[in-house]
Participant: 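If you scroll down you'll find the structure; I have some questions about it.
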Amino acid sequence: MEAAGHQRHRGRRRGGGGAAVRRPRGWCCSFAGVPQSPDLRPFTATSAASPSSGVPAAAAAALAAGGRKLPPKSPSVSSFHSSPSSSRLAGLGGLIDPRRILSPGRVSPIDLDDSSSAPLPLPLPPPVQPAEEDVAVVPAEKSVVVAAAASAPPPVVVASTKVDAGGEALDLRLFLRGRDGRCVVMELDSGVLCDSSAFFAAMAPPRGGEAAASASDGGGTGRRIEVDGVDNVEAFRAAVELMYQPDPLRWLAAAGVSRSIDVLEVSSSIMFERGVKLCLSYIEAVPWNEKEEEKLKNLFARCTFDEAISQDILARLRPHSWSSPEDLTVHLIQSVTSSTNSGARKDMQSLVNGLLSKSSVYQKDLAGLNKESLYNICYACLNSLVDLYDEATEATNHTAQALVIRGGKPFIEQISQQTENLNWLFDILVSNDMAEEFVELWANQDRLIRIHEQASPMMRYELSRISAGVFIALGKGKVQCRGELRSLLFYGWFSAMLLDFGWLQRCSKGLDVRSLEENLGQALLTLPLKQQQCLFEEWFQCFATSGSECPNLTRAFQVWWRRSFVRSSVEAQQ
């Protein structure tokens with residue numbers, strides 16, 4: 001009784017009924033039945049004999065007694081080769097149930113019961129690779145690439161060019177073999193091919209006889225042309241396709257400039273004159289990037305085209321310059337200095353600086369700027385600056401009125417513009433090792449030095465901005481001048497720098513004030529010691545009175561003191 005009750009309890013837990021019936025497990029999340037799959041495991045004797053299985057007991061007994069022996073699996077083909085991770089899991093030796101791998105999506109878990117030890121069915125054979133003769137011919141715009149094994153011949157691209165309904169039949173097969181081992185096969189209308197290219201017209205076999213019979217039976221397999229050693233198979237094929245295009249310019253536009261250049265080269269080599277004209281017309285009408293421009297230059301260096309049809313492209317590749325690059329650069333600089341728009345002037349200055357930079361990609365064997373023309377621009381800016389100060393001084397009657405208008409703009413704005421021009425020109429001269437004459441020119445500006453003594457601080461400090469650039473270049477050693485010239489410069493503009501330093505701090509306009517202090521002291525130390533003493537005494541008195549409104553030359557002063565007194569006393573004792 002106790003055993004019977006225990007049996008009923010087990011039956012109730014398993015099937016919910018009286019008898020313990022094993023139900024067939026379904027595929028995925030559906031329990032409708034077992035799908036027909038080659039990867040399903042065979043039934044065991046127990047499951048085959050169940051009432052729901054429908055298998056006779058005798059057959060189940062035979063299966064249980066003898067089983068089913070399977071040949072060993074081939075190591076080259078996995079039983080679950082269709083799985084994305086089959087190559088990674090194939091070496092696990094059947095440790096992973098293939099049903100778990102082939103189950104789509106999230107499915108109910110598959111229990112590993114006593115039937116898991118049953119052998120798996122035979123795998124499906126791999127698909128047979130089609131031979132070259134079995135590959136279906138497709139249109140040229142939908143080429144089929146046939147992958148080959150490692151030991152097989154090079155890959156073959158089979159293509160066909162369609163003709164209109166009323167056109168001729170595809171009676172010619174063209175084989176293009178590239179240097180890389182690829183082969184392109186195209187079935188074409190020989191009439192269009194030979195009419196378009198003199199190269200193919202000379203190579204095409206004649207019609208008639210056995211070749212014509214084969215062509216009528218096999219669809220273009222009788223007559224054939226083979227071209228070996230092609231450098232660019234895709235470009236060669238594209239050039240042939242261009243012969244059959246009803247709208248060639250639209251086709252070239254879809255291909256792009258770089259592809260059209262390749263087609264142009266192939267068209268020239270196969271004497272496809274219409275293709276050459278079409279490519280040149282399209283290439284000339286569209287913009288190029290720098291890589292495409294270099295590609296065109298190399299092509300025109302290797303190939304010769306009819307000047308009548310290539311003159312437009314040559315005009316873009318080899319322009320006839322009306323002046324030398326040096327003259328043109330000076331003309332651009334003069335345009336910048338005469339600009340009245342401050343924002344545009346800054347942008348143009350940056351553009352010209354980039355063109356003149358030695359590391360610029362636009363530097364193309366530039367021999368140097370025209371020094372005389374540059375200094376003519378400097379003279380013009382200086383003369384304009386003197387005239388502006390004269391008019392401003394007369395109009396304000398030595399007062400601090402800054403809003404005096406000349407030509408619709410305040411004098412201060414026009415003076416600032418000329419000062420900026422001179423500083424920019426000086427930087428260009430320094431970069432090209434031509435700034436020594438500018439230092440001499442600025443040191444001899446007696447007229448401006450006198451004007452500085454009379455002008456208001458709001459207007460005169462612009463002159464010290466030019467002096468600041470010259471002192472910084474001297475202190476850094478970028479300009480090498482003779483001693484007399486340096487002394488003349490300091491005697492003319494050093495006092496003005498001490499007076500305007502506070503204004504330069506408040507209105508720096510891009511000037512590095514700390515660099516000015518350091519390099520002003522370094523430039524001063526290049527003078528003779530006696531001249532240094534006079535200038536340092538003047539600075540010491542100004543600094544003691546004005547403090548931060550005066551440049552801090554303490555370090556340079558200490559160097560001068562050591563050189564003048566400490567070292568000299570030591571040498572005297574020796």
Side-chain angles (χ1 to χ4, degrees), residues 419 422-423 426 430 435-436 438-570:
T419 302
L422 286 170
N423 278 325
F426 179 70
V430 169
E436 183 177 352
F438 187 93
V439 177
E440 183 177 1
L441 179 65
W442 187 246
N444 290 308
Q445 290 297 316
D446 297 333
R447 179 92 174 269
L448 284 176
I449 293 174
R450 291 194 302 268
I451 290 175
H452 183 275
E453 298 174 354
Q454 302 172 2
S456 64
M458 181 180 284
M459 302 179 68
R460 74 187 184 195
Y461 88 98
E462 293 285 352
L463 296 175
S464 293
R465 281 166 43 80
I466 302 175
S467 300
V470 177
F471 285 135
I472 290 175
L474 288 175
K476 290 183 176 180
K478 293 184 176 180
V479 181
Q480 297 81 35
C481 301
R482 61 187 186 274
E484 297 84 357
L485 184 57
R486 296 195 304 271
S487 300
L488 182 63
L489 177 69
F490 270 93
Y491 277 115
W493 292 106
F494 184 72
S495 299
M497 178 62 65
L498 297 181
L499 292 175
D500 297 334
F501 187 78
W503 281 87
L504 292 175
Q505 283 182 310
R506 291 185 290 271
C507 306
S508 61
K509 296 181 179 179
L511 175 65
D512 189 349
V513 180
R514 299 307 171 202
S515 177
L516 172 60
E517 289 181 312
E518 180 182 354
N519 291 287
L520 178 61
Q522 293 295 325
L524 201 157
L525 291 173
T526 62
L527 301 177
L529 289 176
K530 186 177 181 179
Q531 296 178 10
Q532 291 182 37
Q533 180 175 351
C534 296
L535 295 174
F536 273 120
E537 287 180 359
E538 181 182 359
W539 164 80
F540 196 91
Q541 183 178 1
C542 178
F543 190 75
T545 305
S546 303
S548 61
E549 293 291 311
C550 183
N552 190 344
L553 305 181
T554 303
R555 295 179 60 184
F557 180 83
Q558 292 172 347
V559 173
W560 165 76
W561 184 273
R562 178 176 55 82
R563 290 175 179 175
S564 300
F565 302 104
V566 178
R567 189 173 60 184
S568 60
S569 61
V570 172

Participant: Could you check whether the rings of H452 and W493 sit parallel, tilted or perpendicular, using 30° and 60° as the cut-offs?
Facilitator: perpendicular

Participant: What distance do S495 atom OG and L535 atom CG have between them, rounded to the nearest 0.5 Å?
Facilitator: 8.0 Å

Participant: Can a donor-acceptor pair be found, under 3.5 Å and without considering hydrogens, that links the side chain of R465 to the backbone of T419?
Facilitator: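 Between the backbone of T419 and the side chain of R465 there is no qualifying donor-acceptor contact (under 3.5 Å).
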
Participant: Determine whether a donor-acceptor pair (N or O, by modelled atom type, separation under 3.5 Å) exists between the side chain of E518 and the backbone of R514.
Facilitator: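 No; zero donor-acceptor contacts below 3.5 Å.
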
Participant: Which atom names give the shortest non-hydrogen contact between L504 and V513, and what distance separates them?
Facilitator: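 In terms of heavy atoms, the two residues are closest at O-CG2, 4.0 Å.
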
Participant: Could you pull out the closest heavy-atom pair between E440 and R482, with the gap in Å?
Facilitator: OE2-NH2, 3.9 Å

Participant: So, do L525 and R563 sit near enough that their side-chain heavy atoms are less than 4.5 Å apart?
Facilitator: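 Yes. Closest side-chain heavy atoms under 4.5 Å.
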
Participant: Can you tell me how far apart OG (S546) and CG (L499) are? Round to the nearest 0.5 Å.
Facilitator: 8.0 Å

Participant: Decide if atom CZ of R506 counts as having more than 12 heavy atoms of other residues, nucleotides or ligands within a radius under 6.0 Å.
Facilitator: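 Correct, the count exceeds 12.
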
Participant: Per the side chain to side chain contact (heavy atoms under 4.5 Å, CB included) rule, which among L516, V479, V430 passes with I472?
Facilitator: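 In the set L516, V479, V430, the residue that makes a side chain to side chain contact (heavy atoms under 4.5 Å, CB included) with I472 is L516.
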
Participant: Once you round to the nearest 0.5 Å, how far does CG of L422 lie from CD1 of I466?
Facilitator: 4.5 Å

Participant: Quick check: closest heavy atoms across W442 and S467, and the distance to 0.1 Å?
Facilitator: NE1-OG, 2.9 Å

Participant: Quick check: closest heavy atoms across M497 and L520, and the distance to 0.1 Å?
Facilitator: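 Shortest heavy-atom separation between M497 and L520 comes out as CG-CD2, 4.1 Å.
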
Participant: Is the number of heavy atoms from other residues, nucleotides or ligands under 6.0 Å of K509 NZ greater than 12?
Facilitator: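 Check passes, neighbour count above 12.
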
Participant: Is the shortest side-chain heavy-atom distance between Q531 and Y491 below 4.5 Å?
Facilitator: yes

Participant: Which value, rounded to the nearest 0.5 Å, describes the distance between S515 atom OG and Q522 atom CD?
Facilitator: 10.5 Å

Participant: Once rounded to the nearest 0.5 Å, what's the spacing between atom CD of E462 and atom CH2 of W503?
Facilitator: 10.5 Å

Participant: Are the side chains of L488 and E484 in touch, meaning some heavy atoms are under 4.5 Å apart?
Facilitator: no

Participant: State, yes or no, whether a side-chain contact exists between L489 and L474 at a heavy-atom distance under 4.5 Å.
Facilitator: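 With C-beta onward as the side chain, the pair touches.
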
Participant: Determine the minimum heavy-atom distance between E517 and C550, stating which atoms define it.
Facilitator: OE2-O, 4.4 Å

Participant: Exactly one of F536, F543, F565 should register a ring pair (Phe, Tyr, Trp, His ring centres under 6.0 Å) with F557. Which one does?
Facilitator: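 Of F536, F543, F565, ring pair (Phe, Tyr, Trp, His ring centres under 6.0 Å) with F557 is met by F536 alone.
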
Participant: Starting at CG of D500, measure out to CD of E549 and round the result to the nearest 0.5 Å.
Facilitator: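 Going from the CG atom of D500 to the CD atom of E549 covers 11.0 Å.
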
Participant: Quick check: closest heavy atoms across L553 and G521, and the distance to 0.1 Å?
Facilitator: CD2-N, 3.9 Å

Participant: How far apart are the C-alpha atoms of F490 and F471, what are their side-chain angles, what is the distance that settles it, and do they pass the ring pair (Phe, Tyr, Trp, His ring centres under 6.0 Å) test?
Facilitator: CA-CA 9 Å; F490 270 93; F471 285 135; 4.8 Å; yes

Participant: Give a yes-or-no answer on whether the side chains of Q541 and E537 include a donor-acceptor pair shorter than 3.5 Å.
Facilitator: no

